[in-house]
Protein chains: 4
Amino acid sequence: MKTSTNVSRRREESERTAAKGGRPRSEQLHQAILQAAVHLVLTSGFRSLSMDAIAAEAGVGRMTIYRRWPNKAAIIMAAFVMRVDPGTLFKPADNFIESIRLQMRTMAKAFRGRDGALIRVLLAEAQFDPELAKALREQWTLPRRKMAAEYFRSGIRDGILRADIDPEAMIDILYAPLYYRLQMGVGALSDAYVDEVFEHAMKGLLHGTK
Amino acid sequence: MKTSTNVSRRREESERTAAKGGRPRSEQLHQAILQAAVHLVLTSGFRSLSMDAIAAEAGVGRMTIYRRWPNKAAIIMAAFVMRVDPGTLFKPADNFIESIRLQMRTMAKAFRGRDGALIRVLLAEAQFDPELAKALREQWTLPRRKMAAEYFRSGIRDGILRADIDPEAMIDILYAPLYYRLQMGVGALSDAYVDEVFEHAMKGLLHGTK
Amino acid sequence: MKTSTNVSRRREESERTAAKGGRPRSEQLHQAILQAAVHLVLTSGFRSLSMDAIAAEAGVGRMTIYRRWPNKAAIIMAAFVMRVDPGTLFKPADNFIESIRLQMRTMAKAFRGRDGALIRVLLAEAQFDPELAKALREQWTLPRRKMAAEYFRSGIRDGILRADIDPEAMIDILYAPLYYRLQMGVGALSDAYVDEVFEHAMKGLLHGTK
Amino acid sequence: MKTSTNVSRRREESERTAAKGGRPRSEQLHQAILQAAVHLVLTSGFRSLSMDAIAAEAGVGRMTIYRRWPNKAAIIMAAFVMRVDPGTLFKPADNFIESIRLQMRTMAKAFRGRDGALIRVLLAEAQFDPELAKALREQWTLPRRKMAAEYFRSGIRDGILRADIDPEAMIDILYAPLYYRLQMGVGALSDAYVDEVFEHAMKGLLHGTK
DNA sequence: GTTTAATCGAGACGGTACGTCGAGTCTTATG
DNA sequence: CATAAGACTCGACGTACCGTCTCGATTAAAC
């Protein structure tokens, strides 16, 4: 049976890790639960995900999960946060503009993969769960918006971007389309698409009458 | 008790309508259910919405609901579709550009109200329910994209918009930010915000080097 | 499909009968319903019997049934009463005593067949349904007890039975065992069993010390 | 409200028992459920008995009931079995014959009370439920028949009963009338009635021609 | 090295909502 | 007008999860 297989898989791993004198057991359980939750979400979807299933997959009692997180969404959120690269958003490239395009491509690539699936789930669930919405905003959305805004402001200071640009609006115009495509099922999140959005936004939609 | 109040409300209305020789009973039930569902979603939220509650609020048996829709999301979808104005998207204004801005404002206003709440719920639920995703795409997203794309293409033909613009990308840049703000809880969906997005997108983000 | 087959069966029969200028249509429906009900009880059991099923089997609307009987049990009761031979209970035989034994055998035979199944169902259902209990008592139990009591009394008058016998108790001693075996699943309701009960009751259980 | 009253009644009792360091909790629930079920059957009848009602009356979740018994009848059966005195059937009296009469009276008395109501329900339900029929036969009918048969056989051995008597037939003649009266609503199950049946059966119905 | 105190797995518990089924009522269209 | 068809309200069914709680067993720390 799948469950017991996974249980023993976790157990064996646990013993192995302990033998290596690794992290404390509590930390191992943490990881095992997050891993199990993500695995189940990616394979079976968030809706058919139950606390029981996570507990079984992780080889763990239900209380052990509830001791750490209040609900399924919080687990996925924790797993997602753990995966997010806390590093810099924009590579300090010699070409300011191209660096933006590259960052957008990186994000699109993430959205195409595992992170995209998690974001989709979290963003959707957040519509019903203010706690989660807050967490998502504070741990994902706002930090990245802040970094982007700062980067864009530096571009304004350096005279590369127009002075009358609002970084917040710029962020929305460039990145909202990625979220839109992630959720809407209207066309792919390809690099070509990213480029197109990027070019259009940069050049503007009107004739160069200014 | 709340329920019986609502039940009788529906019943009285039913008799009144029948007295007017109005719509067939079946159609009345349809409306009563949709109305009850929307009312409950708007007051108590989608998560705490149960088939029982809808049935009670509508003064209707559970089976009558299941006969018509397979789940809660489908009910909300039906209610939403019923509300959507199937008319033209862009008012044939003398000023092509301003007409776009007006349409964006109209949409933002809708998003601020009842429709926004429904869209939020539907879009979120659609992330877990492919059937709903399909319905939402076909009955909401795609038709409006199509109309917008045609309008934009006419702008290109008339030489108002640049010839090298992809209407699809233009749609995303202009409208995705509205969805983004609807969901993210990052700032309000005010007319001022709409204008800002509009202006930035139209003028472009770069210096007028073109 | 089974149902439609049966429906058309009834319909064809109906037309045939009508062509013969037979009983009024209402009476035909009556019979068709009772027949369908008995058929279903005998094949599928009383528990898995629904008004829908009867209506479908009889090719009849549900209201047509409810107009005639208040519930399933009443239908079976009606069907049962219709089958019961309203004639004499005891054949006027030359041998008074043997006539009793014969009557017991006749009853046992009936209990082994279709009537037994119906009695079992009715008697059981009557434990939960006072109306049915009354009907069963008045249309089945009491009439037969009365006839038997009279017959036994004639035996007393004629000096064949002891003068100090209470016919009611005699009825119970002779016939209750048949009902007991019908319900208990303890041994068969064979003629041999009937004879044994009969002999024991007649001779008494004690040594002939009297 | 009735339910909450009963719930708390059970709860308080639970705490009291726990304070006494009494039976394990699981056993308490068992008892509470059986008690609630019997109470409801005796007050409202078996037909209007629902799993929901039992659960509410016992202050218990539905699953807790389903974990233990498959249906209502099984619960009543369990409650009944628990009440049945597993002791000897016939008091070892100095007078063999009178001991039988006494036993019959004891049974009649039981049938007049709570046990009679339960037996009625169980016997009726058993006509539709082979599982229950089997349980009732094996846990009620057959054990008592066996004890009675042995007792009667000892009477034969001791020369008190006639040698040609079949204990099984004797059981039926003596006891079937009690079941008959229990179910038929034909006369009361009084001690006088028991005596009458007893006397008739013992003396035989015919003239002492033997 | 043993004892003590957490922490664990397992799983039963009360509860809520589900989706289905049948009873009995009421409506509509047919003949 | 009575009917067949079938939609309606109501309420019980049995299931699935939720989040809580209890129970031994296992582990880790304190002694």
Side-chain angles (χ1 to χ4, degrees), chain A residues 7 10-11 14 18 24-26 28-29 47-56 58-72, chain B residues 7 10-11 14 18 24-26 28-30 47-56 58-72, chain C residues 7 10-11 14 24-26 28-29 47-56 58-72, chain D residues 7 10-11 14 18 24-26 28-29 32 47-56 58-68 70-72:
Chain A
V7 168
R10 210 265 300 161
R11 290 239 169 89
S14 161
R25 174 161 157 73
S26 167
Q28 290 172 45
L29 293 179
R47 269 304 135 82
S48 69
L49 176 67
S50 70
M51 290 305 236
D52 277 278
I54 299 176
V60 137
R62 251 202 313 286
M63 273 315 293
T64 305
I65 302 182
Y66 280 112
R67 227 188 306 276
R68 291 168 163 82
W69 303 279
N71 52 51
K72 296 184 292 180
Chain B
V7 168
R10 211 262 299 162
R11 290 247 165 83
S14 161
R25 173 162 157 73
S26 165
Q28 291 175 44
L29 293 179
H30 222 86
R47 271 303 134 84
S48 69
L49 176 67
S50 72
M51 292 304 234
D52 277 278
I54 300 175
V60 138
R62 249 201 314 285
M63 271 313 293
T64 304
I65 302 182
Y66 282 114
R67 228 189 305 276
R68 289 169 161 80
W69 303 281
N71 52 52
K72 296 184 292 181
Chain C
V7 168
R10 211 266 298 163
R11 289 241 169 89
S14 160
R25 175 159 158 72
S26 167
Q28 290 173 43
L29 291 179
R47 269 305 133 84
S48 68
L49 176 68
S50 71
M51 291 304 237
D52 277 279
I54 299 176
V60 138
R62 254 203 311 287
M63 272 315 293
T64 306
I65 302 182
Y66 279 113
R67 203 167 292 126
R68 289 168 163 82
W69 302 280
N71 53 50
K72 296 185 293 180
Chain D
V7 168
R10 211 262 301 161
R11 290 246 166 85
S14 161
R25 173 163 157 73
S26 164
Q28 290 174 44
L29 292 180
R47 272 302 136 84
S48 70
L49 176 69
S50 72
M51 292 303 235
D52 277 277
I54 299 176
V60 138
R62 250 202 313 285
M63 271 315 293
T64 304
I65 303 182
Y66 282 116
R67 230 188 304 275
R68 290 169 161 81
N71 52 52
K72 296 182 293 180

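Here is the naming used below: chain letters follow the sequence lines, and residue numbers restart at 1 for every chain.
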Provide, to the nearest angstrom, the distance between the [atom1] atom belonging to [X] and the [atom2] atom belonging to [N].
X	N	atom1	atom2	value
A/M63	E/dC13	CE	C1'	14 Å
D/M51	F/dT15	CE	C1'	13 Å
A/R62	F/dG19	CZ	P	10 Å
B/Y66	F/dA7	OH	C1'	18 Å
A/Q28	E/dT7	CD	P	16 Å
B/R47	E/dA17	CZ	P	14 Å

How far does [atom1] of [X] sit from [atom2] of [Y], to the nearest 0.5 angstrom?
X	Y	atom1	atom2	value
C/M51	C/K72	CE	NZ	8.0 Å
D/R62	D/S50	CZ	OG	8.5 Å
A/I54	A/I65	CD1	CD1	5.5 Å

For [N], take OP1 and OP2 only and decide whether either is under 4.0 Å from a side-chain N or O of [X].
X	N	result
B/R67	F/dC8	yes
A/T64	E/dG9	yes
A/R68	E/dC8	yes

Which comes earlier along DNA chain F counting from the 5' end, the contact point of D/L49 or that of A/K72, where each point is its nearest nucleotide? D/L49
Taking the nucleotide of DNA chain F with the closest heavy atom to each, which residue, D/D52 or B/G61, is nearer the 5' end? B/G61
